[in-house]
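Read through the structure below, which is laid out as structure tokens, and then see the notes.
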Amino acid sequence: MKLLRVGPVGQERPVVMDGAGKLRDIGEPEIDGAFLASGGVARVRDALERDVLPVVAEEGLRVGAPIARPGKIVCIGLNYSDHAAESGAEVPAEPVVFMKASNTLVGPYDEVLVPRGSVKTDWEVELAVVIGKRARYLASKEEALDVVAGYAVANDVSEREFQLERGGQWDKGKSCETFNPLGPWLVTADEIGDPQNLAMRLWVNGEQRQDGDTKNMIFDVAEIVRYLSQFMVLEPGDLINTGTPAGVAMGIPGQPYLRAGDVMELEIDGLGRQRQTVGQA
């Protein structure tokens, strides 16, 4: 299933896309941790199969992030060997973990803002994992995949000077407002099947910059979830950004960083496509 949230900022309503591509009101208050933990996906699937969900008029509707504000956004850095190489970093022996502020989350077509004082705002197409069950100290990759509710496209927008040249941790180069467009859909795990076989691409102003595949992750989705559960409790609704392939501005000598007026477009097979125009904070 493809779950999404539509409507003005702060007034989004949860809907599901049916087999004909129509949006239907799912009759739930929100797509969040409580929805996922209480069997919301199964309820919507049953209602969709019984054809009892009303059709929603789509014209003019904004598409928001497919989940409401998560408890936490956990990110994995340097998780593709080609990206590690272009960054001048060694391939990590264990996942590189950092956190991103949960209020960075915006819709897949919302404006992305270059922060004040920024000269190195960068793009990153990533596979996002949404957690559906509480997870701690998972013992196997099988257990890890069992707690995954679904997947989405994420743009892990980053300010490289703030991240790497201003001291401290990476978080301040990752947590600026609008720095995590997500969606358009939360695609349930059963529809995706193998998350390690998804092509991913990103364009800036019509020029392709990234062309990767999740099969090239250093640490796969199952291992990332298992690993994280050894260090933190994962809760329903939490979001994990799993890393980006090569092609970011930081890794290409002379490649301009993002400026107001630029347009980013990105997609992952089976998960939909995003488009953001860049503005100035």
Q.
Membership question, hydrophobic clusters at under 4.5 Å side-chain separation (ILVMFWY): are Leu4 and Ile192 in the same one?
A. yes

Q: Taking all non-hydrogen atoms of both residues into account, name the closest pair between Arg69 and Ser102 and its distance.
A: NE-OG, 3.1 Å

Q. Please walk me through it: do Met99 and Lys174 pass side-chain contact (heavy atoms from CB on, under 4.5 Å)?
A. CA-CA 8 Å; Met99 307 293 284; Lys174 296 284 189 172; over 6 Å; no

Q | Smallest separation among heavy atoms of Thr244 and Gln210, with atom names | A | OG1-NE2, 2.8 Å

Q: Take Ser158 and Gln163, measure what side chain to side chain donor-acceptor pair (under 3.5 Å) needs, and give me the verdict at the end.
A: CA-CA 7 Å; Ser158 309; Gln163 176 189 356; 4.6 Å; no

Q | Minimum heavy-atom distance between Ala281 and Pro115, given as atom pair plus value | A | CB-CA, 4.0 Å

Q.
Whether Glu159 and Lys172 form a salt bridge (side-chain N of Lys/Arg under 4.0 Å from carboxylate O of Asp/Glu) is what I want to check.
A. no

Q: Look up atom CZ in Arg136 and atom CG in Leu234, then write down how far apart they are to the nearest 0.5 Å.
A: 11.5 Å

**Q.** Any residue meeting side chain to side chain contact (heavy atoms under 4.5 Å, CB included) with Ala85, in chain and number order, not counting sequence neighbours
**A.** none

Q: Find out whether Glu191 and Lys2 are in side-chain contact, i.e. whether some heavy atom of one side chain is under 4.5 Å from a heavy atom of the other.
A: yes

Q: Kindly indicate whether the side chain of Val41, heavy atoms from C-beta on, has any atom under 4.5 Å from the side chain of Leu3.
A: yes

(Q) Any side-chain to backbone donor/acceptor pair from Glu143 onto Arg226? Under 3.5 Å, distance only. (A) no

(Q) Strictly distance-based, threshold 3.5 Å: is any side-chain N or O of Asp122 a donor or acceptor partner for the main-chain N or O of Met250? (A) yes

Q. Would you call Val153 and Glu267 a side-chain contact if the rule is heavy atoms closer than 4.5 Å?
A. no

Q: Check the pair Glu94 / Tyr227 against side-chain contact (heavy atoms from CB on, under 4.5 Å), numbers first and verdict last.
A: CA-CA 9 Å; Glu94 296 188 36; Tyr227 181 87; 2.5 Å; yes

Q: Flag the pair Val278 / Thr121 as yes when at least one side-chain heavy-atom distance between them is below 4.5 Å, and no otherwise.
A: no

Q: Would you please name every residue forming a side chain to side chain contact (heavy atoms under 4.5 Å, CB included) with Asp110, sequence neighbours left out?
A: Arg62, Val106

Q: Output the distance between atom NZ (Lys100) and atom CD1 (Ile240), rounded to the nearest 0.5 Å.
A: 14.5 Å

Q: Starting at CD of Glu111, measure out to CD of Glu177 and round the result to the nearest 0.5 Å.
A: 9.5 Å

**Q.** Minimum-distance pair of heavy atoms, taken over all atoms of Asp25 and Arg13
**A.** OD2-NH2, 2.8 Å

Q: Apply ring-ring contact (aromatic ring centres under 6.0 Å, His included) to Phe219 and list each qualifying residue two or more places apart in sequence or on a separate chain.
A: none

Q) Which residues pass the ring-ring contact (aromatic ring centres under 6.0 Å, His included) test with Trp203, sequence neighbours left out? A) none

Q.
Quick check for you: to the nearest 0.5 Å, what is the distance between Gln255 atom CD and Glu86 atom CD?
A. 10.5 Å

Q: For the residue pair Val114 and Arg259, establish whether any side-chain heavy-atom pair is separated by less than 4.5 Å.
A: no

(Q) Is it the case that the side chain of Arg134 and the backbone of Ala37 share a donor-acceptor pair, with hydrogens and angles ignored and the cut-off at 3.5 Å? (A) no

Q) Atom CG of Asp238 and atom CD1 of Ile73: how far apart are they, to the nearest 0.5 Å? A) 9.5 Å

**Q.** Residues that Pro195 engages under side chain to side chain contact (heavy atoms under 4.5 Å, CB included), provided they are two or more places apart
**A.** Leu127, Tyr151, Val221

(Q) Applying a strict under-4.5 Å side-chain criterion to I, L, V, M, F, W and Y, I'd like to know whether Val112 and Trp123 cluster together. (A) yes

**Q.** Side-chain heavy-atom pair Lys141, Asp220 within 4.5 angstrom cut-off
**A.** yes

**Q.** Criterion salt bridge (charged side-chain N to carboxylate O under 4.0 Å, His left out) on Arg273 and Glu265, from CA distance to verdict
**A.** CA-CA 7 Å; Arg273 187 179 178 97; Glu265 297 173 274; 3.4 Å; yes

Q. So if you build clusters from Ile, Leu, Val, Met, Phe, Trp, Tyr with side-chain heavy-atom gaps below 4.5 Å, do Ile224 and Phe231 land together?
A. yes

Q) Hey, mind stepping through Ile76 and Leu228 against side-chain contact (heavy atoms from CB on, under 4.5 Å) and telling me if it holds? A) CA-CA 10 Å; Ile76 306 299; Leu228 291 175; 4.3 Å; yes

**Q.** Approximate separation, where rounding is to 0.5 Å, of Asp82 CG and Ile218 CD1
**A.** 8.5 Å

Q.
Keeping Asp32 on the side-chain end and Ala68 on the backbone end, is there a donor-acceptor pair under 3.5 Å?
A. no

Q. Under a 4.0 Å N-O cut-off, is there an ion pair linking Glu165 with Arg160?
A. no

Q | Gln276 and Asn155: CA distance, side-chain angles, deciding distance, side chain to side chain donor-acceptor pair (under 3.5 Å) verdict | A | CA-CA 10 Å; Gln276 298 106 32; Asn155 189 353; 3.0 Å; yes

Q) Are Val91 and Leu78 close enough that some pair of their side-chain heavy atoms sits under 4.5 Å apart? A) no

**Q.** Sub-4.5 Å side-chain heavy-atom contact between Met200 and Tyr80
**A.** yes

Q) Given the rule that I, L, V, M, F, W and Y join up when any side-chain heavy atoms are under 4.5 Å apart, are Val125 and Leu105 in one cluster? A) no

Q) For Gln169, does the CD atom have more than 12 heavy-atom neighbours from other residues, nucleotides or ligands under 6.0 Å away? A) no

Let me check something: any side-chain donor-acceptor pairs from residues 51-59 under 3.5 Å, sequence neighbours excluded? List them with distances.
residue, atom, partner, partner atom, Å
Asp51, OD1, Arg24, NH1, 3.3
Glu58, OE2, Leu23, N, 3.4

Q) Do Met217 and Glu223 pass the side-chain contact (heavy atoms from CB on, under 4.5 Å) test, and can you show the C-alpha distance, the side-chain angles, and the key distance before you say yes or no? A) CA-CA 11 Å; Met217 284 183 181; Glu223 175 57 17; over 6 Å; no

Q: Keeping the roles fixed (side chain from Glu126, backbone from Gly243), state whether a donor-acceptor pair exists under 3.5 Å.
A: yes

